[in-house]
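Small disclaimer: the values here were computed from a predicted structure and weren't measured.
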Amino acid sequence: KLLNKVFLLSSNRGKIPSQAPASEVPAGHSWVGPEGERLIPILSLLVSPAYEETRRHIFNWSEKFGFMKLSAGFSHSGQLKGEYREPLLNTTLNLALASQGSRQILSIITQLFWSLPDSLIMIEEPEISLHPEQQIEVVRLFANAIRENKQQLIISTHSHFLLLALGIVVQEGLLEPDDIGIYHINKTKEGTEAKTVNLSKRGFLLGWPPSF
């Protein structure tokens with residue numbers, strides 16, 4: 001049961017291959033993989049009407065991070081490939097050619113909405129290689145996954161933009177302060193300490209983490 005509802009997205013994610021074997025298409029809901037290697041097989045399943053709602057969430061959020069007209073399916077070689085429309089260049093590119101920040105966040109987006117409701121998804125440093133403005137959008141993404149897909153998320157971060165963006169999603173009514181728990185993790189000679197950092201009613205931190 002845990003294998004179907006607990007997922008870790010480590011900092012190695014985003015290594016999307018240019019093509020993937022059709023044999024890797026998963027049976028039902030699963031993990032995009034430690035490096036995002038199963039992302040394309042999962043995306044190839046979204047053409048099915050059974051995943052219409054999942055496809056809508058994944059495609060809508062992908063567009064916010066620059067993946068226009070996202071698609072995945074069989075190539076001429078009989079393997080699976082993923083493509084998207086690059087909006088500024090107005091050309092179709094293989095997903096493997098996207099930037100590191102874009103590839104890693106696409107793995108997160110897909111896992112958030114591909115996972116069954118009430119899953120526990122642990123994400124290491126979602127801000128990797130993302131512009132500060134996009135980091136704020138990541139927090140809106142998380143709020144949407146929590147509200148719409150009933151996910152529980154555990155995030156580790158070194159980004160003060162993500163912490164500041166909590167106030168934005170609270171004031172926008174996307175989350176309540178009680179939906180969020182913040183812990184400052186500190187290594188000491190006696191062991192690792194986890195101390196609670198409280199939020200105001202408007203979603204702002206009451207006391208800044210000392211290591212930030």
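Closest approach of Gly207 to Val197, counting heavy atoms only: O-CG1, 3.5 Å. Nearest heavy-atom pair, Gln19 versus Ser77, reported as atom, atom and distance to 0.1 Å: OE1-OG, 2.8 Å. Across all non-hydrogen atoms, the minimal contact from Ser102 to Phe67 is O-CE1, 3.3 Å. Taking each heavy atom of Leu80 and Pro41 in turn, the nearest pair found is CD1-CA, 3.9 Å. Shown here for Leu43 and Ala72, the closest heavy-atom pair between the two residues is CB-CB, 3.7 Å. Closest non-hydrogen pair, Leu9 versus Ser107, comes out as CD1-O, 4.3 Å.
At a threshold of 4.5 Å between non-hydrogen side-chain atoms, the residues Val138 and Leu130 count as touching.
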Inset, instruction - In sequence, state the C-alpha distance, the side-chain angles, and the governing distance for Leu141 and Phe113, and then conclude on side chain to side chain contact (heavy atoms under 4.5 Å, CB included). - result: CA-CA 10 Å; Leu141 164 67; Phe113 297 105; 3.7 Å; yes
Legend entry - Test side chain to side chain donor-acceptor pair (under 3.5 Å) applied to Gln111 and Ser115, step by step: CA-CA 6 Å; Gln111 190 69 65; Ser115 301; 2.8 Å; yes
Legend entry - Verdict with supporting geometry, Glu63 and Lys69, salt bridge (Lys or Arg N to Asp or Glu O under 4.0 Å): CA-CA 8 Å; Glu63 287 185 2; Lys69 297 184 178 180; over 6 Å; no
Inset, instruction - Show the numbers, then the answer: is there a side chain to side chain contact (heavy atoms under 4.5 Å, CB included) between Val6 and Met122? - result: CA-CA 8 Å; Val6 179; Met122 298 172 283; 3.8 Å; yes
Legend entry - Candidate pair Lys64 and Ile109, rule side chain to side chain contact (heavy atoms under 4.5 Å, CB included), full reasoning: CA-CA 11 Å; Lys64 294 179 186 293; Ile109 293 169; over 6 Å; no
Inset, instruction - Could you walk me through whether Trp31 and Arg38 pass side chain to side chain contact (heavy atoms under 4.5 Å, CB included), step by step? - result: CA-CA 7 Å; Trp31 184 29; Arg38 286 191 287 274; 3.4 Å; yes
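At distances below 3.5 Å, not a single donor-acceptor pair connects side-chain atoms of Thr188 with backbone N or O atoms of Thr192. Using a distance-only test at 3.5 Å, with no hydrogens or angles considered, a donor-acceptor pair links the side chain of Arg147 to the main chain of Leu174. Side-chain atoms of Arg55 come within 3.5 Å of backbone atoms of Leu46 as a donor-acceptor pair (strictly under, hydrogens ignored). In this structure a side-chain-to-backbone donor-acceptor pair under 3.5 Å is present from Asp179 to Glu176. One N or O on the side chain of Asn94 and one on the backbone of Ala96 form a donor-acceptor pair closer than 3.5 Å. Under the 3.5 Å distance criterion, the side-chain polar atoms of Glu86 are matched with a main-chain donor or acceptor of Leu88. Side-chain atoms of Glu37 come within 3.5 Å of backbone atoms of Glu35 as a donor-acceptor pair (strictly under, hydrogens ignored).
Grouped by direct or indirect side-chain proximity (heavy atoms under 4.5 Å, Ile/Leu/Val/Met/Phe/Trp/Tyr only), Ile168 sits with Ile136. Alongside Tyr183, the hydrophobic cluster contains Ile185 (criterion: ILVMFWY side chains under 4.5 Å).
Listed by chain and number, the residues in a side chain to side chain contact (heavy atoms under 4.5 Å, CB included) with Asn60 are Arg56 (sequence neighbours excluded). Checked against side chain to side chain donor-acceptor pair (under 3.5 Å), Thr92 has the following partners two or more places apart in sequence or in another chain: Arg85. Among residues two or more places apart in sequence or in another chain, the side chain to side chain donor-acceptor pair (under 3.5 Å) test is passed with Thr157 by Glu127.
Here Lys81 pairs with Glu83 in a salt bridge; the nearest charged N to carboxylate O distance falls below 4.0 Å. A salt bridge is defined here as a Lys NZ or Arg NE, NH1 or NH2 lying under 4.0 Å from an Asp or Glu carboxylate O, and Glu193 with Lys187 fails to meet this definition.
Sequence neighbours left out, the pairs with a member in residues 194-207 that pass side-chain hydrogen bond (donor to acceptor under 3.5 Å, both in side chains) are Gln171-Arg202.
By the neighbour-count criterion of 12 heavy atoms within 6.0 Å, atom CD of Gln100 is densely surrounded, having more than that number from other residues, nucleotides or ligands.
Side-chain atoms of Glu125 and Ser156 form no donor-acceptor pair, as typed in the model, at a separation below 3.5 Å. Checked by atom type, the side-chain pair Gln152/Ser119 shows no donor-acceptor distance below 3.5 Å.
Note: Trp114 and Tyr51 meet the aromatic proximity criterion, with ring centroids under 6.0 Å apart.
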